[in-house]
Amino acid sequence: MGILCCLLFLLLNLNPSLSYSLRNCSIEYSTDASAEVSLDCSGRKLVTIPDDIPRNAKLPQLQNLGIGWNKFSSFDSKDLQPNVTSGLKVLDVHSNTFEKFSITTQTFPHLETLDLSRCGHEAGMTLDIPHNVLELSDNLMWKLGGTFKTGLKKLEFLDLSRNFNIRNTFQFNNKLKSLTIVGSELSDLNPELFWPIPNLESLDLSDNKLKSLEFLSQAGLSALRRLTLRQNEITVISETVFQSLPALTHLDLAENPFSCDCSNAGFIQWVKSNNQTQVVNAYQYACYFPLEQQGSKLLDFDIQSCWMDVSFLCFISSSGVVVLTLLASFIYHFLRWQLAYAYHLFLAFLYDSRKRKKGAALHYDAFISYNVHDEAWVLREMLPVLEGEQGWRLCLHHRDFQPGKPIIENITDAIYGSRKTICVISRRYLQSEWCSREIQMASFRLFDEQKDVLILLFLEEIPAYQMSPYYRMRKLVKRRTYLSWPQAGPHTGLFWQKVQRALETGEAPTDNTDPLTGQAGC
């Protein structure tokens, strides 16, 4: 028993008690070589620094001081003796209502961490100290004066959560590495706020009603490694935002109302494919928009259908429609007859090829191509002479076309089933679509067979300048037979003799001299 008492006495003398109490505070200190001492006066309803805090060198050097959750209205580092402040590293004064707060480098030369959270008053502050960690959360409307800014040039860790007056705060804090601003309603965050702190490595902007991350593209945070954006209002994210954060390795976007559509296709692809950045619990991100996607997961959205650029396709389609409309208008106005002519020449070519294979026989001496308004002249003047007197077998629309057969086939059969085609030309003839097709097919047969199969009879004097420009076959048959009924005058007998001669000959005359007048024909 005596031996145990001796050992206890030695322990008490060699290792002082780990903690003991003053009247209003509790002191704890370690017994190792660091001799770290902590003084806790929190939650004691104090209004001033306790007068029983040791003011002499008997107390080992203090490193942690806590006077939070009291009723201080002012705090001045001069109220503490040098043996209390000279070695202090951590100062916790949270949850007080300061009207004045002042500490300087002279009194706190080694201070590293300062907790001024939940003080909630527009206090006048003097913070000229070299500390690294500053806790200023829950202060609502802190009045951040010039002394506050210039006195924090060595600050590395700063918490400004739930403060609503954060503007140009970091102008003199270019060594800041960690910044926390939670619950401060920074929906209109300006990228210029971050320009003075390019060395920032960790940023927490959770619960700030942020709707866009575009400010990060111009914030200049090239050293940022950790980004937390939980509980905001972000619906769409562009993958280009993260291209401005080349060092990013940790990203937390939980509890944001993501839109699961093609506007997020780039971001979804980036989350799945990037190997540098860890997106925390990305596979748990839920869809909020559109309504039909609610309940599904963001990364389950099928992005394959989004790679086609709809806007570009719309541009190409609309441009194509405009170009085609202009081209169609141009073709219709300037080239429609040339195209129609080429089309019917092609049909005639196909028909002629089939007829040659079948060896079709000729059923008529001539097919008469005329306009219905000129039918009276054909029946009164032409038929009695050519069929009655001269004995030619003629093919006419109203009499010889096969009923029920397509008109274009009747025309083609009539032209290729006759030795020759006689075109009774008048102004109405030139204006008729079907007459133009007949003469087009007849002219193709002329070109194809190289025979005089086309005879032109003009019922009217038609000057060349009045000839429609789309009747270009006029130039192609310049050297063929032309007969003019008006120029025949009283010599109708001679006119019909010339028609008979043209029907009898296999080749046309080699010039365009009018057989009645000796002058060039039209």
Ser161 (side chain) donor-acceptor with Val182 (main chain) under 3.5 angstrom: yes
Assess, by modelled atom type and distance only, whether the side chains of Asn64 and Ser38 contain a donor and an acceptor separated by less than 3.5 Å. yes
Tightest non-hydrogen contact, residues Glu239 and Gly266, listed as OE1-CA, 3.3 Å
Is a side-chain donor or acceptor of Ser184 paired with a backbone partner of Arg162 at a separation under 3.5 angstrom? yes
Check whether any side-chain N or O of Asn232 sits under 3.5 Å from a backbone N or O of Ile234 as a donor-acceptor pair, and report yes or no. no
Within this structure, what is the CG-CG distance for the pair Leu205 and Asp252, rounded to the nearest 0.5 Å? 12.0 Å
CG/Leu91 to CG/Asp115 distance, rounded to the nearest 0.5 angstrom? 8.5 Å
Correct closest heavy-atom pair for Thr228 and Ser206 would be CG2-OG, 3.3 Å
Please tell me if the side chains of Glu233 and Leu210 come closer than 4.5 Å, counting only heavy atoms from C-beta onward. no
Around atom NZ of Lys297, are there more than 12 heavy atoms of other residues, nucleotides or ligands at under 6.0 Å? yes
Quick one: pull up CD in Gln218 and CZ in Phe194 and give me the separation to the nearest 0.5 Å. 12.5 Å
Answer whether the closest heavy-atom distance between the side chains of Leu224 and Ser222 falls below 4.5 Å. no
Return each pair, listed once, that meets side-chain hydrogen bond (donor to acceptor under 3.5 Å, both in side chains) where at least one residue sits in residues 276-288; pairs must be two or more places apart or across chains. none
Where Leu221 and Ile197 come nearest, the two heavy atoms and their spacing: CD2-O, 3.8 Å
CA sep, side-chain torsions, deciding dist, call: Val37, Gln63, side-chain contact (heavy atoms from CB on, under 4.5 Å): CA-CA 6 Å; Val37 178; Gln63 293 187 358; 5.8 Å; no
Could you tell me if the side chain of Thr180 sits less than 4.5 Å from the side chain of Leu160, heavy atoms only? no
About how many Å separate CD of Gln304 and SG of Cys262, when rounded to the nearest 0.5 Å? 10.5 Å
Does Asn208 reach the main-chain N or O of Ile181 with its side chain, forming a donor-acceptor pair under 3.5 Å? yes
Scan residues 259-273 for pairs that pass side-chain hydrogen bond (donor to acceptor under 3.5 Å, both in side chains), counting only residues two or more places apart or in two chains. Ser259-Asp261, Asp261-Ser263
Got a donor-acceptor contact below 3.5 angstrom from the Asn199 side chain to the Lys177 backbone? no
Looking at Asn256 and Leu229, would you say the former's side chain and the latter's main chain have a donor-acceptor pair under 3.5 Å? yes
Student check: side-chain heavy atoms of Cys287 and Phe301 closer than 4.5 Å: no
Has Asn70 got a side-chain atom pairing as donor or acceptor with Leu46's backbone, closer than 3.5 angstrom? yes
Describe, in one word, how the ring planes of Phe98 and Phe75 are oriented to each other, choosing from parallel (under 30°), tilted (30 to 60°) and perpendicular (over 60°). perpendicular
Determine, stepwise, if the pair Val236 / Phe258 fulfils side-chain contact (heavy atoms from CB on, under 4.5 Å). CA-CA 6 Å; Val236 176; Phe258 289 108; over 6 Å; no
Give the minimum heavy-atom separation between Ile237 and Phe267, together with the two atoms involved. O-CB, 3.3 Å
Residue pair Phe101 / Leu114, side-chain heavy-atom distance below 4.5 Å: yes
With the side chain counted from C-beta on, respond yes when Leu111 and Ile103 share a heavy-atom pair under 4.5 Å apart, and no when they do not. yes
Find out whether Leu134 and Asp159 are in side-chain contact, i.e. whether some heavy atom of one side chain is under 4.5 Å from a heavy atom of the other. no
Using a strict threshold of under 4.0 Å (side-chain N to carboxylate O), is an ion pair present between Arg230 and Glu255? yes
Distance in Å, Ile67 CD1 paired with Asp40 CG, rounded so as to fall on 0.5 Å steps: 10.5 Å
One should read off an interatomic distance between Leu203 CG and Leu216 CG, to the nearest 0.5 angstrom, of 7.5 Å
If every non-hydrogen atom of Val280 is compared with every non-hydrogen atom of His250, which pair is closest and at what distance? CG2-NE2, 3.2 Å
Tell me if a side-chain donor or acceptor on Ser212 pairs with a main-chain N or O of Glu214 at a distance below 3.5 Å. yes
How about Leu179 and Phe157: do any of their side-chain heavy atoms sit closer than 4.5 Å? no
Pair Ser296-Gln293, side-chain donor/acceptor within less than 3.5 Å: yes
Pair Asp413 + Lys405: basic N to acidic O under 4.0 Å: yes
Exercise: identify the closest heavy-atom pair between Ala265 and Cys306: CB-CB, 3.9 Å
What pairs with Trp69 under ring pair (Phe, Tyr, Trp, His ring centres under 6.0 Å), at least two apart in sequence or on another chain? none
